[in-house]
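Worksheet: the structure to be examined is printed underneath.
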Amino acid sequence: MTEVTATGPAQVPEGQAVVEFSPRLLQSPEHELCPGCGHPVAWRVVLEVLEELGLANRSLLICGHGCYTQMMKLSDIDSLQCLHGRAPAVATGVKRMLPDTAVLTLQGDGDMVSEGLHEVLHAGARGERVTALLFNNGVFGDTGGHLTATTVLGQRTKTSLEGRDPATHGHPIDVARLLAQLDGTCYVARGAVNTPGTVARTKRMVRRALELQMEGAGFTFVEVLTMCPTGWFVPTPEGPDYLEETMSATFGLGELKAPGGP
Ligand SMILES: Cc1ncc(C[n+]2csc(CCOP(=O)(O)OP(=O)(O)O)c2C)c(N)n1
Ligand code: SF4
Ligand SMILES: [Mg+2]
C-alpha cells in the first residue's frame, strides 16, 4: 500500500497499515463473531475513546453475558464478568471503592433489558458515577436470536419469525427514554454503527459520557444499535439497512439528556 507524505509516496510494509488502523488496546484484530456483526465496531469505538482520554490504565470494564463478551478477552484493559443483568450493581460497588477509576458496564439488550432492567434503572436513579453501555441488537444473539424486550415491532427473531406482533409479544421497552426521565441520570444518548456517520457520532457520545463520568457528573448511559444479521435472519450485507429500517425507526438516535440540555 502506498502512503502519500509531504516528501512524496512512502512504502508501508505489507500489513502495517492494518495494524496501525487497529486500536492499540485491541490485542488481536481476529475474533469469532459473525461476519457483519455490529458489536466489534461498537467496541472499537469504546477502546479508541479510552485510549484518547488516557484512561486505559485506570479503567475497569464490567461485562454481562452475550456475544460482545468476547471483546473482553481481546482487549488490553482490566475487566470482570458478572451474572446476567447485574453489571450496574457490581459497577456500583467498584466505583464506590475506586472512585478514580473509569468504570464501564457493557451489556446486551437481553442481558440489560430482558433480564436485569431494574438494576440499570436503580443505578441510574441513585446517580452512580459510572458509564453504562448497551449494545442493542434486539435479540438474544448469543443463544440463537430470540426476541428480547427491545425487539421492535415487525422485527424478525427466532421466536417471532413473522416479525414482532404487539398482540402476541407486547411492545418494546425504550430503556434510554426511561433512564432520561430519572433525576439521577446525567447523560443519556443513543447511537448506532450501521454507517460511517453513525459510528463517528457514537464515538462522540461515548467520549462525552466518559468525560462526564471522570468529572464526577453522575450516571451516564450510551446505547448503541448494532447489527445481528444472523439473529435477524437477513443476508449479511443487508444488516445495516435492516437496522435503519427497523430499529432506528423506533429508537431514534441522538442525545436524550445532557448537561445544559441535548
Ligand atoms: C441466567 C442465565 N440465563 C441464560 C443464559 C444464557 N445466555 C447467555 S448469553 C445470552 C444472550 C444474551 O443476549 P444479549 O444480552 O442481547 O447479547 P447478544 O448476544 O445479543 O450480544 C443468554 C440468554 C445465561 N448465561 N445465564
Ligand atoms: S449472533 Fe449476532 S450478535 Fe452474535 S456474533 Fe453473530 S451477528 Fe453478532
Ligand atoms: Mg442482544
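- With hydrogens and angles ignored, the 3.5 Å screen pairs a side-chain donor or acceptor of S114 with a backbone N or O of A149.
- Note that NE2 of H39 and CG of L106 are 8.0 Å apart. Values are rounded to the nearest 0.5 Å.
- Distance alone, capped at 3.5 Å, is enough to place a donor-acceptor pair between the Q213 side chain and the V103 backbone.
- In this structure, the side chains of P40 and M71 come closer than 4.5 Å at one or more pairs of heavy atoms.
- Classification of R24 and D76 as a salt-bridged pair fails, no side-chain N sitting under 4.0 Å from a carboxylate O.
- A salt bridge is absent between E48 and R207: the closest approach of a Lys/Arg side-chain nitrogen to an acidic carboxylate oxygen does not fall below 4.0 angstrom.
- Atom NE2 of H122 sits in a sparse spot, with 12 or fewer heavy atoms from other residues, nucleotides or ligands closer than 6.0 Å.
- Checked by atom type and distance alone, the side chain of R164 pairs as donor or acceptor with a backbone atom of H169 at under 3.5 Å.
- With hydrogens and angles disregarded, no donor-acceptor distance shorter than 3.5 Å links the side chain of T157 to the backbone of V139.
- With a 4.5 Å cut-off on side-chain heavy atoms, L98 and K95 do not count as touching.
- Note that the NE2 atom of H65 and the CD atom of Q107 stand 10.5 Å from one another [nearest 0.5 Å].
- Taking CD of E244 as the start and OG1 of T195 as the end, the distance is 7.0 Å to the nearest 0.5 Å.
- Panel note: side chain D109, backbone G138; a donor-acceptor pair is recorded below 3.5 Å.
- Distance CD1/I173 to OG1/T150: 9.0 Å, rounded to 0.5 Å.
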Inset, instruction - Given side chain to side chain contact (heavy atoms under 4.5 Å, CB included), test V224 with R190 step by step and report yes or no. - result: CA-CA 6 Å; V224 186; R190 180 157 45 221; over 6 Å; no

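- For the side chain to side chain contact (heavy atoms under 4.5 Å, CB included) with K203, the qualifying choice from R44, R208, E52 is E52, the only one to do so.
- Linking Ile, Leu, Val, Met, Phe, Trp and Tyr whenever their side-chain heavy atoms come within less than 4.5 Å leaves V199 and L134 in two separate clusters.
- L153 and L243 fall into different hydrophobic clusters, where Ile, Leu, Val, Met, Phe, Trp and Tyr residues are linked whenever their side-chain heavy atoms come under 4.5 Å apart, directly or through other members.
- Taking all atoms of both residues into account, the shortest heavy-atom contact from L256 to A180 is CB-CB, 4.1 Å.
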Inset, instruction - Carefully, step by step, assess L61 and W43 under the rule side chain to side chain contact (heavy atoms under 4.5 Å, CB included). - result: CA-CA 12 Å; L61 173 73; W43 182 240; 3.6 Å; yes

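- The shortest distance between side-chain heavy atoms of L47 and E51 does not fall below 4.5 Å.
- Looking only at atom types and distance, the side chain of D111 has a donor-acceptor partner in the side chain of H84 under 3.5 Å away.
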Inset, instruction - Go through the steps to decide whether T226 and V41 satisfy the test side chain to side chain contact (heavy atoms under 4.5 Å, CB included), and finish with yes or no. - result: CA-CA 9 Å; T226 71; V41 185; over 6 Å; no

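- The shortest distance between side-chain heavy atoms of L53 and M214 does not fall below 4.5 Å.
- Under the 4.5 Å side-chain criterion, counting only non-hydrogen atoms from C-beta, Q27 is not in contact with L74.
- With E119 contributing its side chain and P88 its backbone, the two residues share no donor-acceptor pair below 3.5 Å.
- Heavy atoms only, all atoms of each residue included: L26 and S75 are closest at CD1-OG, 4.2 Å.
- In this structure, C228 and G141 approach most closely via the heavy-atom pair SG-CA, 4.4 Å.
- The two residues P172 and T151 have their closest heavy-atom pair at CB-O, 3.3 Å.
- Note that the CG atom of N136 and the OG1 atom of T148 stand 6.5 Å from one another [nearest 0.5 Å].
- The shortest distance between side-chain heavy atoms of L133 and V46 falls below 4.5 Å.
- Taking the six-membered ring for Trp and thresholds of 30 and 60 degrees, W232 and Y242 have ring planes inclined between 30 and 60 degrees apart.
- Grouping the Ile, Leu, Val, Met, Phe, Trp and Tyr side chains by contacts below 4.5 angstrom, directly or via other members, places L104 apart from M112.
- Transitive grouping of hydrophobic side chains (ILVMFWY, heavy atoms separated by less than 4.5 Å) keeps L253 and L178 in distinct clusters.
- By the 4.0 Å N-to-carboxylate-O rule, E162 lies too far from R156 to be salt-bridged with it.
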Inset, instruction - Go through the steps to decide whether F219 and V188 satisfy the test side chain to side chain contact (heavy atoms under 4.5 Å, CB included), and finish with yes or no. - result: CA-CA 9 Å; F219 184 88; V188 178; 5.9 Å; no

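- Nearest heavy-atom pair, M227 versus G36, reported as atom, atom and distance to 0.1 Å: CB-O, 3.5 Å.
- The backbone N or O of F135 sits nowhere less than 3.5 Å from a side-chain atom of Y68 that would complete a donor-acceptor pair.
- Taking every heavy atom of both residues into account, C34 and T230 meet most closely at SG-OG1, 3.1 Å.
- When atom types are taken as modelled, the side chain of R58 and the backbone of D100 share a donor-acceptor pair closer than 3.5 angstrom.
- In this structure, F140 has no ring pair (Phe, Tyr, Trp, His ring centres under 6.0 Å) partners at least two apart in sequence or on a different chain.
- Formation of a donor-acceptor pair under 3.5 Å by the Q70 side chain with backbone atoms of E32 is found in this model.
- With contacts defined as side-chain heavy-atom distances shorter than 4.5 Å, the pair T185/F221 does not qualify.
- In D78, the CG atom is not crowded: 12 or fewer heavy atoms of neighbouring residues, nucleotides or ligands sit closer than 6.0 Å.
- When hydrophobic clusters are built by joining Ile, Leu, Val, Met, Phe, Trp and Tyr residues whose side-chain heavy atoms come closer than 4.5 Å, directly or via intermediates, V120 is grouped together with L80.
- Counting heavy atoms from C-beta outward, I62 and S79 have side chains that stay 4.5 Å or more apart.
- Considering CZ of R129 and OG1 of T92, their distance stands at 12.5 Å, rounded to 0.5 Å.
- Residues meeting the ring pair (Phe, Tyr, Trp, His ring centres under 6.0 Å) test with Y187, sequence neighbours left out: none.
- Judged by distance alone, the side chain of T159 and the main-chain N or O of L147 form a donor-acceptor pair under 3.5 Å.
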